[in-house]
*Asks:* 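The structure under discussion is supplied below as structure tokens; questions concerning it will follow.
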Amino acid sequence: PDWRVIKAEHICVCDGEGNLVEDNGFLPTVELPMHLAIYKARPEVNAIVHSHPLYSSAFAVTGEDIPFLLAEQGLFLGGSTRCAEYGLVGSTDLGEKIVAALEGGRKAALLRNHGAVVLGKDLEEAFIVSDFLEHGAYVAYMAKQVGKPIELSMDNILDPGLEL
């Protein structure tokens with residue numbers, strides 16, 4: 001999808017309990033319980049993007065994590081992307097399972113047999129994280145076709161003397 005067409009007026013605004021704050025003609029997503037669970041568990045998060053990207057969804061339907069193969073996955077996603085256990089669409093159970101998959105400060109997780117969710121301090125960051133998630137899934141998919149992917153760990157991606 002072309003995320004550039006999304007404007008502030010297209011976003012449904014709810015409070016922490018899921019009550020509509022303003023009526024702009026848009027209703028909350030059926031996944032509102034999942035969004036609320038994430039916001040409650042991760043107070044630093046101000047934006048969540050739930051989508052169904054092609055390569056990430058391929059991992060989701062196999063129940064497989066996206067392996068941590070690229071440095072940028074560590075820097076932007078928090079490492080590998082876990083696939084949450086299956087939960088029914090729109091259920092609080094799904095919310096609990098996705099929160100568990102996001103533990104450890106991760107900014108992305110897969111919803112088994114469904115899609116992906118990414119987090120950001122704002123929508124711009126969430127969309128950037130979404131791009132890194134899908135790129136990592138694509139590279140992991142391709143790497144599995146070529147051979148055995150070599151995974152990274154968070155302690156070996158940045159030179160300790162590097163100042164960011």
Side-chain angles (χ1 to χ4, degrees), residues 1-3 6 10-21 24-70 72-141 143-144 149 151-154:
D2 185 356
W3 297 113
I6 300 208
H10 299 133
I11 298 170
C12 177
V13 179
C14 297
D15 65 17
E17 301 305 312
N19 301 306
L20 210 53
V21 171
N24 64 355
F26 291 91
L27 295 174
T29 173
V30 68
E31 296 294 7
L32 184 60
M34 176 185 70
H35 286 253
L36 293 174
I38 295 168
Y39 284 126
K40 285 179 183 171
R42 300 285 293 274
E44 78 281 9
V45 170
N46 294 309
I48 299 168
V49 172
H50 166 63
S51 61
H52 306 97
L54 184 62
Y55 289 92
S56 298
S57 294
F59 279 88
V61 300
T62 64
E64 192 175 330
D65 297 349
I66 299 171
F68 178 12
L69 305 176
L70 303 167
E72 53 266 29
Q73 287 174 281
L75 298 171
F76 291 94
L77 305 175
S80 64
T81 301
R82 295 180 185 138
C83 186
E85 293 180 37
Y86 183 76
L88 297 175
V89 171
S91 68
T92 55
D93 178 56
L94 177 60
E96 293 167 6
K97 289 175 175 173
I98 203 72
V99 165
L102 289 163
E103 285 179 353
R106 284 178 164 74
K107 290 189 175 182
L110 301 176
L111 292 84
R112 199 179 94 208
N113 293 92
H114 190 141
V117 65
V118 297
L119 317 178
K121 67 179 186 294
D122 54 31
L123 273 175
E124 181 178 10
E125 181 182 54
F127 286 130
I128 290 167
V129 170
S130 185
D131 285 342
F132 278 107
L133 171 66
E134 185 63 358
H135 180 74
Y138 177 72
V139 169
Y141 171 82
K144 287 174 177 254
E151 293 195 47
L152 294 173
S153 65
M154 290 300 283

*Asks:* Which residues pass the ring-ring contact (aromatic ring centres under 6.0 Å, His included) test with His135, sequence neighbours left out?
*Replies:*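 Checked His135 against ring-ring contact (aromatic ring centres under 6.0 Å, His included); zero matches.
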*Asks:* Hey, what's the ring geometry for Phe26 with His10, parallel, tilted or perpendicular (30° and 60° as the breaks)?
*Replies:*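 It falls in the perpendicular class, over 60°.
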*Asks:* Mind running side-chain contact (heavy atoms from CB on, under 4.5 Å) on Gln73 and Val139 for me, showing each step along the way?
*Replies:* CA-CA 11 Å; Gln73 287 174 281; Val139 169; over 6 Å; no
*Asks:* Does Asn24 use its side chain to pair, donor to acceptor, with the backbone of Ile11 at less than 3.5 Å?
*Replies:*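 Between the backbone of Ile11 and the side chain of Asn24 there is a qualifying donor-acceptor contact (under 3.5 Å).
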*Asks:* Determine whether Val45 and Lys121 make a side-chain contact, defined as any pair of heavy atoms from C-beta on separated by less than 4.5 Å.
*Replies:*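 No, side chains not in contact.
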*Asks:* Do His35 and His50 meet the criterion of a side-chain donor-acceptor pair at a distance under 3.5 Å?
*Replies:*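 Note: His35 and His50 side chains miss the donor-acceptor criterion.
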*Asks:* Mind jotting down which residue pairs meet the salt bridge (charged side-chain N to carboxylate O under 4.0 Å, His left out) criterion with at least one end in residues 35-53? Sequence neighbours excluded, please.
*Replies:*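 Non-adjacent pairs meeting salt bridge (charged side-chain N to carboxylate O under 4.0 Å, His left out): Arg42-Glu44.
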*Asks:* Does any pair with a residue in residues 58-68 pass salt bridge (charged side-chain N to carboxylate O under 4.0 Å, His left out), and if so which ones, sequence neighbours excluded?
*Replies:*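 Residue pairs passing salt bridge (charged side-chain N to carboxylate O under 4.0 Å, His left out), neighbours aside: Glu64-Lys144.
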*Asks:* Would you tabulate the side-chain donor-acceptor contacts of residues 99-111 under 3.5 Å, counting partners in other chains and residues two or more places apart, or write 'none'?
*Replies:*
unit_1	atom_1	unit_2	atom_2	d
Arg106	NE	Ser80	O	2.8
Arg106	NH2	Ser80	OG	3.2
Lys107	NZ	Glu125	OE2	3.0

*Asks:* With sequence neighbours excluded, what pairs up with Thr81 under the side-chain hydrogen bond (donor to acceptor under 3.5 Å, both in side chains) test?
*Replies:*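 Residues passing side-chain hydrogen bond (donor to acceptor under 3.5 Å, both in side chains) with Thr81: none at all.
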*Asks:* Taking CD in Glu72 as the centre, count heavy atoms belonging to other residues, nucleotides or ligands within less than 6.0 Å. Is the count above 12?
*Replies:*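 Yes, the 6.0 Å shell around CD holds more than 12 heavy atoms from other groups.
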*Asks:* Taking ring-ring contact (aromatic ring centres under 6.0 Å, His included) as the test, write out the residues that go with Tyr39, two or more places apart.
*Replies:*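 Applying ring-ring contact (aromatic ring centres under 6.0 Å, His included) to Tyr39 gives none.
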*Asks:* What closest approach, in Å, do Gly87 and Ser91 show between heavy atoms, and which atom pair accounts for it?
*Replies:*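 In this case the closest contact between Gly87 and Ser91 is C-OG, 4.3 Å.
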*Asks:* Measure the shortest side-chain to side-chain distance between Leu94 and Leu88 over non-hydrogen atoms and say whether it is less than 4.5 angstrom.
*Replies:*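 Not touching, per the 4.5 Å side-chain cut-off.
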*Asks:* Would you please name every residue forming a salt bridge (charged side-chain N to carboxylate O under 4.0 Å, His left out) with Glu17, sequence neighbours left out?
*Replies:*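 Scan of Glu17 (salt bridge (charged side-chain N to carboxylate O under 4.0 Å, His left out), adjacent residues dropped) gives none.
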*Asks:* Could you state the interatomic distance from CG (Asp122) to CZ (Phe127), rounded to the nearest 0.5 Å?
*Replies:*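 One finds 10.5 Å between CG of Asp122 and CZ of Phe127.
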*Asks:* Measure the spacing between CD1 of Ile98 and SG of Cys83 and express it to the nearest 0.5 Å.
*Replies:*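 That separation rounds to 8.0 Å.
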*Asks:* So, taking the atom named CG in Leu32 and the one named CG in Asn19, what distance separates them when rounded to the nearest 0.5 Å?
*Replies:*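 The CG atom of Asn19 is 9.0 Å from CG of Leu32, to the nearest 0.5 Å.
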*Asks:* For Leu20, what residues pass the side-chain contact (heavy atoms from CB on, under 4.5 Å) criterion, not counting sequence neighbours?
*Replies:*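 Leu20: side-chain contact (heavy atoms from CB on, under 4.5 Å) contacts with Cys12, Cys14, Pro28.
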*Asks:* Measure the CG-OG distance between Leu119 and Ser130 for me, rounded to the nearest 0.5 Å.
*Replies:*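 Reported to 0.5 Å precision, the distance equals 11.0 Å.
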*Asks:* Sequence neighbours left out, what passes side-chain hydrogen bond (donor to acceptor under 3.5 Å, both in side chains) with Arg112? Give chain and number order.
*Replies:*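 For Arg112, no residue satisfies side-chain hydrogen bond (donor to acceptor under 3.5 Å, both in side chains) once neighbours in sequence are set aside.
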*Asks:* For Glu31, check salt bridge (charged side-chain N to carboxylate O under 4.0 Å, His left out) against everything at least two apart and list the hits.
*Replies:*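 Not a single residue meets the salt bridge (charged side-chain N to carboxylate O under 4.0 Å, His left out) criterion with Glu31.
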*Asks:* Applying salt bridge (charged side-chain N to carboxylate O under 4.0 Å, His left out), which residue pairs with at least one partner in residues 90-101 are found, sequence neighbours left out?
*Replies:*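 The answer is Asp93-Lys97.
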*Asks:* How close do Asn113 and Val61 get, counting heavy atoms only, and between which atoms?
*Replies:*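 That would be ND2-O, 3.8 Å.
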*Asks:* Which heavy-atom pair separates Leu70 from Gly136 by the least distance, and what is that distance?
*Replies:*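 What the structure gives for the nearest pair is CD1-CA, 4.3 Å.
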*Asks:* Would you check if Pro67 and Phe59 make a side-chain contact, meaning some heavy-atom pair closer than 4.5 Å?
*Replies:*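 Yes, their side chains come closer than 4.5 Å.
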*Asks:* With Tyr141, which residues qualify under ring-ring contact (aromatic ring centres under 6.0 Å, His included), at least two apart?
*Replies:*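 Listed in chain order: Tyr55.
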*Asks:* Measure the CD1-CG distance between Ile128 and Leu123 for me, rounded to the nearest 0.5 Å.
*Replies:*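 Interatomic distance, Ile128 CD1 to Leu123 CG, rounded to 0.5 Å: 11.0 Å.
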*Asks:* Indicate the atoms forming the closest heavy-atom contact of Ala126 with Val118, along with that distance.
*Replies:*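 Looking at all heavy atoms of both residues, the closest pair is O-CG2, 3.3 Å.
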